[in-house]
2 protein chains.
Amino acid sequence: MTNKNHEHKSCVSLVPIFNHLDAEQMNEIMETASSQSFKKGELVYHAGETSDVLTIVNKGSLRLYRLSESGKEQLVRVLRPGEFTGELALFNEKVHENYAEAMEPTSVCQITRSDLQALLIKYPSISLKILQELSTRVDQSETQATRFTTESTEQRLASYLVDLLGPDSQTNIVTLPLAKKDLASYIGTTPETVSRKLKELEEMNLIKRISSSKIKILDEDNLLFL
Amino acid sequence: MTNKNHEHKSCVSLVPIFNHLDAEQMNEIMETASSQSFKKGELVYHAGETSDVLTIVNKGSLRLYRLSESGKEQLVRVLRPGEFTGELALFNEKVHENYAEAMEPTSVCQITRSDLQALLIKYPSISLKILQELSTRVDQSETQATRFTTESTEQRLASYLVDLLGPDSQTNIVTLPLAKKDLASYIGTTPETVSRKLKELEEMNLIKRISSSKIKILDEDNLLFL
DNA sequence: CGTTGGATTGAAACGGCTCAATGTTTGTGG
DNA sequence: CCACAAACATTGAGCCGTTTCAATCCAACG
């Protein structure tokens, strides 16, 4: 019986969007959110589908990707706990353009359009959080698009590695969070080219491959300077 | 004396974001917005600048672009009356990543962070409008990024032309709203290649060039099918 | 221990860019 | 209204980076 509440609690409490609310407000939101789980490989939604829910990742991760006309796949981004998707269908009543696929066992919570709109009206500060998130995403996507047309594959790979590192790092070792195939798709190239370019970067003594998914950044400055 | 009010009125009345509000609310917003004009080529803001205003185009148009590390320019999009920019700096207190340049004599109106936040709290429906706009922009930017990596230059040009046409068109004639240089940058190529590809499309009887900026779409289906 | 899928490497083909020459408009001043 | 300049558009040739396809290598896993 408390099961349902627990589910809701675990769902919402993690979400940065609602973090700033007090316990009472949080409870109200929990009432409106529902929880759902997906096995690895299952689709939370797919392009062409309509939907009226905002989906927030609770545990696990979602792979957002698009298919071009020709069927080629483009990894758009990966959603981690606390991040959300579905805003296009939700706010614009359009069909999804992305596919959202669980990369591992993943649980999400979902809020319907009408519930969310009521919440936004009642607690306008929530919308500021969402606005923040969306404007960040616009920026990231535009940055990515700019890189596709103005930088070489090698530069994009180097930028990606440095981005992974972040400003604060002791060891200078990054762990690739994506399969090679997805990494390649994300930076707009092929697995073969990723392999070749990593090799080149290593030969230039800019990086060192520790294991298949661990890479030590030896020279951050020159990686960006390429 | 009524001068200032007129300026405000002309400013806000055009803006879709606020369209749904009643006259009294509109008046209140007018009080908080300020108006500014730019000559062709002037920058409304530039990358690296901090700012705490949302900028809404009132008349004219703004060219939003980025510069890559190497100095290459990427046209991100063009803002027409009613559209806004500045959300990254405003909601996230980050520096601008884009340059915003007037393409012609242009007037904008601006609302400061604190004024806007107050408005959002007071009239939550405004935030729904902004949410709509931002989620649309995320979608557009992701679509653009996907095209860069999954489609050929020829396909991107063709898609661009068809997008210009829109679903409703009598004549099937599109008017290029951008200089060739900007068009090329927008679709991620060079003016030379645009020229060559337009020629090829014409030789395939998919389009017909009427004048330098007018193009007749002869075969929309096959343009997308390339 | 074999099988299967991913990662690497090689060779060849191709698409698009650069640079340079030529052609075409546009606008301006005589 | 014409002439000329300056900017822009087109075309050509050569080059370079990346993809493709195929072969091989490696590693994880049943």
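Small disclaimer: the values here were computed from a predicted structure and weren't measured. In what follows, every chain begins at residue 1, and chains take the letters A, B, ... in the order their sequences are listed. In what follows, every heavy atom counts, from backbone to side chain, and hydrogens, waters and symmetry copies are set aside.
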* Kindly indicate whether the side chain of A:Arg196 and the base of C:dG10 share any N or O donor-acceptor pair separated by less than 3.5 Å? =>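 Yes.
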Separation of [X] atom [atom1] from [N] atom [atom2], in whole Å?
| X | N | atom1 | atom2 | answer |
| --- | --- | --- | --- | --- |
| B:Lys181 | D:dC8 | NZ | P | 8 Å |
| A:Leu198 | C:dT9 | CG | P | 11 Å |
| B:Glu151 | C:dG15 | CD | C1' | 15 Å |
| A:Leu178 | C:dA7 | CG | P | 11 Å |
| A:Leu176 | C:dG6 | CG | P | 16 Å |
| A:Ile187 | D:dG17 | CD1 | P | 17 Å |
| A:Glu200 | D:dC16 | CD | P | 15 Å |
| B:Phe148 | C:dG16 | CZ | C1' | 15 Å |

* Does a side-chain heavy-atom distance below 4.5 Å link B:Ser68 with A:Gln155? ->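 No, every pair of side-chain atoms sits at 4.5 Å or beyond.
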Which part of the nucleic acid, if any, lies within contact of [X], taking any heavy atom under 4.0 Å across all strands shown: a base, the sugar-phosphate backbone alone, or nothing?
| X | value |
| --- | --- |
| A:Lys199 | sugar-phosphate |
| A:Ser152 | sugar-phosphate |
| A:Lys72 | nothing |

* To do: Taking ring-ring contact (aromatic ring centres under 6.0 Å, His included) as the test, write out the residues that go with B:Tyr99, two or more places apart.
  =>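 Result, ring-ring contact (aromatic ring centres under 6.0 Å, His included) vs B:Tyr99: B:Tyr65.
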Look at the side-chain N and O atoms of [X] and state whether any lies under 4.0 Å from the OP1 or OP2 oxygen of [N].
| X | N | result |
| --- | --- | --- |
| A:Lys180 | C:dT8 | yes |
| B:Thr153 | C:dG16 | yes |
| A:Thr193 | D:dT18 | no |
| A:Thr189 | D:dT18 | no |
| B:Arg209 | D:dT10 | yes |
| B:Ser212 | D:dC8 | no |
| B:Lys197 | C:dG16 | yes |

Please determine whether a side-chain nitrogen of the Lys or Arg among [X] and [Y] lies less than 4.0 Å from a carboxylate oxygen of the Asp or Glu.
| X | Y | answer |
| --- | --- | --- |
| A:Asp219 | A:Lys208 | no |
| A:Glu202 | A:Lys199 | no |
| B:Arg137 | B:Glu87 | yes |

* Return the nearest nucleotide to the side chain of A:Glu192; candidates are C:dA7, D:dT10, D:dT20. =>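 When the side chain of A:Glu192 is considered, D:dT20 is the closest of C:dA7, D:dT10, D:dT20.
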